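Beneath this line is the structure, given in structure tokens, with notes to follow.
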There are 2 protein chains.
Amino acid sequence: MAYTSEYPPFYVAVDLVILTIRDGAFSVLLVERGGEPFAGRWALPGGFVGIDEDLADAAYRELEEETGVGATSVHLEQLATFGRPDRDPRHRVVSTAYLAVGADLPEVRGGSDASDARWWPVSDAVRQGLAFDHREIVEAGVERVRSKLEYSDLALRFVPRQFTMPELQAVYETVWGVELDPRNFARKVARTERFVQETGEARRGGRGRPARLLEAAGATELMPPMRRE
Amino acid sequence: MAYTSEYPPFYVAVDLVILTIRDGAFSVLLVERGGEPFAGRWALPGGFVGIDEDLADAAYRELEEETGVGATSVHLEQLATFGRPDRDPRHRVVSTAYLAVGADLPEVRGGSDASDARWWPVSDAVRQGLAFDHREIVEAGVERVRSKLEYSDLALRFVPRQFTMPELQAVYETVWGVELDPRNFARKVARTERFVQETGEARRGGRGRPARLLEAAGATELMPPMRRE
DNA sequence: TCTGTTGCTGTCACTCTGACACTAAACCCT
DNA sequence: AGGGTTTAGTGTCAGAGTGACAGCAACAGA
């Protein structure tokens with residue numbers, strides 16, 4: 001069966017801004033483009049949405065294809081939609097960007113197509129020329145995360161299920177690019193009821209005093225919020 | 001010229017959540033649907049995006065068609081994109097919702113098509129059954145506004161260029177549905193540098209002591225933020 | 001057991017917040 | 001003209017949150 005139309009068609013895509021902290025760097029997953037346009041340039045993972053597929057489902061599908069990580073333990077939310085008529089030189093593509101945040105996301109080499117895929121520190125990623133308008137999309141995702149650390153539990157998505165207070169503090173310091181006072185930080189986290197709770201265990205094996213292991217306790221808002229600057 | 005495709009096409013639309021305060025009520029503009037589906041039901045104004053048209057341009061165009069108001073003095077921002085496969089029974093329509101906020105938006109009767117159009121208090125609007133998934137979209141817009149009042153200058157878009165402190169306070173009270181203390185409110189607004197400034201004039205003619213006229217002074221953030229609850 | 005390293009907590013001064021009551025400036029009516 | 005009514009505008013005080021700061025605690029390894 002074929003469809004005809006008086007007008008050229010829209011293509012609808014999803015792009016993923018997958019963020020994690022790797023080796024102490026706030027990082028985004030990029031794939032190297034094999035073909036034109038922008039061959040050899042780095043771009044966000046993404047793809048076209050099926051005609052019967054929900055946008056969020058398409059985002060999950062792309063996420064799993066690129067990282068092998070299921071929805072479990074990865075936070076996924078809609079970021080924004082980018083639809084400038086000239087953003088793709090081939091067709092009219094409207095792309096809804098999704099933001100994914102996870103802990104310990106796996107190393108990736110070679111995506112579904114033969115092209116390369118790797119984690120980039122976000123500062124390096126936006127400095128180089130990304131394909132399409134992906135620099136703008138990455139910046140929107142990064143700003144969303146920086147902002148949501150202030151008042152939400154998003155920081156907990158950057159650490160494993162069990163984590164320590166210094167690890168959680170490092171999330172804020174890495175994402176915001178600032179240094180925080182550990183005493184004030186711990187006080188603020190502890191003040192929010194049901195934000196984190198003690199597991200009773202501790203992380204041993206490193207140097208120095210072992211840090212107590214914490215886990216999320218259900219609260220989704222940090223109240224009062226943590227403030228930048 | 002005709003285009004053919006192996007697959008049924010996507011349609012890309014914009015929907016507008018146009019919010020203002022009318023007669024003391026936080027209100028949204030709805031249009032009555034003339035034809036199927038959802039004939040007779042109320043819906044958000046909106047329409048399809050041209051194949052060479054930017055999403056934001058389409059939103060501006062629809063805004064002007066529906067309200068006669070140009071971009072001037074109306075704040076417009078992208079809200080979110082709604083793309084459930086079954087959200088429109090006819091086609092696959094992916095719709096990007098835009099949020100518009102303005103002061104003194106005009107009364108409207110009869111849109112571009114012959115159907116009716118009018119302002120609804122948002123509580124009445126979401127209570128009745130709106131067409132498509134428009135209830136969800138309205139709720140997203142309302143929540144966005146309630147949230148942005150806390151930390152941005154969005155409240156200034158609900159009042160005319162010159163306004164009084166009680167009028168500005170009424171924006172917060174109406175949108176949040178709470179009562180605020182005028183002393184604490186004025187202190188907080190005045191504390192943020194360059195948020196509002198005196199014009200030297202006063203609003204006369206009403207009952208009681210005339211209120212001094214203020215205007216926006218350039219700051220786009222309310223710091224520290226105004227807090228709900 | 002000594003040293004190095006990292007985790008953890010308490011205090012104090014300051015600012016911000018929320019609660020609260022009175023004075024000021026206009027209008028209206030007599 | 002004066003008194004009453006209505007709305008605008010301000011100051012204080014107690015409690016909470018914040019940022020700056022130093023010292024003790026618990027482990028590993030030598």
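Treat the numbers as computed from the prediction; the structure is a model and nothing was measured. Below, chains carry the letters A, B, ... as their sequence lines are ordered, and counting in each starts from 1.
Atom CZ of R207(B) and atom P of dC28(C) are 9 Å apart (whole Å). Distance E201(A) CD to dG7(C) C1': 17 Å, rounded to the nearest Å. Between the CG atom of D181(A) and the C1' atom of dG17(D) there is a distance of 15 Å, given to the nearest Å. In this structure, CD of E150(B) is placed 15 Å from C1' of dT17(C), rounded to the nearest angstrom. The interatomic distance linking Q169(A) (CD) with dG7(C) (P) rounds to 9 Å, in whole Å. If you take CZ of R209(B) and P of dA25(C), they are 6 Å apart, rounded to a whole angstrom. Rounded to an integer number of Å, the gap from CD of E167(A) to C1' of dG7(C) is 12 Å. In this structure, the CD atom of E198(B) is 11 Å from the C1' atom of dG9(D), given to the nearest Å.
The P166(B) side chain lies nearest to dG9(D) when the options are dG9(D), dA26(C), dA26(D). Taking every side-chain heavy atom of A211(A) into account, dC8(C) is the closest of dC8(C), dC27(D), dG17(D). Picking from dT17(C), dG19(D), dG18(C) the nucleotide with the shortest atom distance to the side chain of N184(B) gives dG18(C).
Residue G206(A) is in sugar-phosphate contact alone, with no base atom involved, counting any heavy-atom pair closer than 4.0 Å across all strands shown. Among the heavy atoms of the strands lying under 4.0 Å from R204(A) are primed sugar atoms or P, OP1, OP2 only; no base atom is included.
Residue K188(A) places at least one side-chain N or O closer than 4.0 Å to OP1 or OP2 of dT18(D). For R212(B) and dG9(D), the shortest distance from a side-chain N or O to OP1 or OP2 is below 4.0 Å. Side-chain nitrogen and oxygen atoms of R183(A) include none within less than 4.0 Å of the OP1 or OP2 phosphate oxygen of dA20(D).
Heavy-atom distances to DNA chain C give each of G208(B) and G208(A) a nearest nucleotide, and the one nearer the 5′ end belongs to G208(A). Between T164(A) and R227(B), the residue anchored closer to the 5' end of DNA chain C is T164(A), taking for each the nucleotide with the nearest heavy atom.
The side-chain hydrogen bond (donor to acceptor under 3.5 Å, both in side chains) test with K148(A) singles out one residue from H75(A), E143(A), E77(A), and that residue is E77(A).
A donor and an acceptor atom sit less than 3.5 Å apart, one in the side chain of R187(A) and one in the base of dG19(D).
More than 12 heavy atoms of other residues, nucleotides or ligands lie within 6.0 Å of CD in E139(B), so this atom counts as buried by the packing criterion.
You'll find the side chain of L29(B) reaches within 4.5 Å of the side chain of T67(B), heavy atoms only.
No hydrogens or angles considered: nothing links the side chains of D153(B) and T220(B) as a donor-acceptor pair under 3.5 Å.
Ring geometry, W176(B) versus Y172(B): the interplanar angle exceeds 60°, so the pair is classed perpendicular (tilted spans 30 to 60°).
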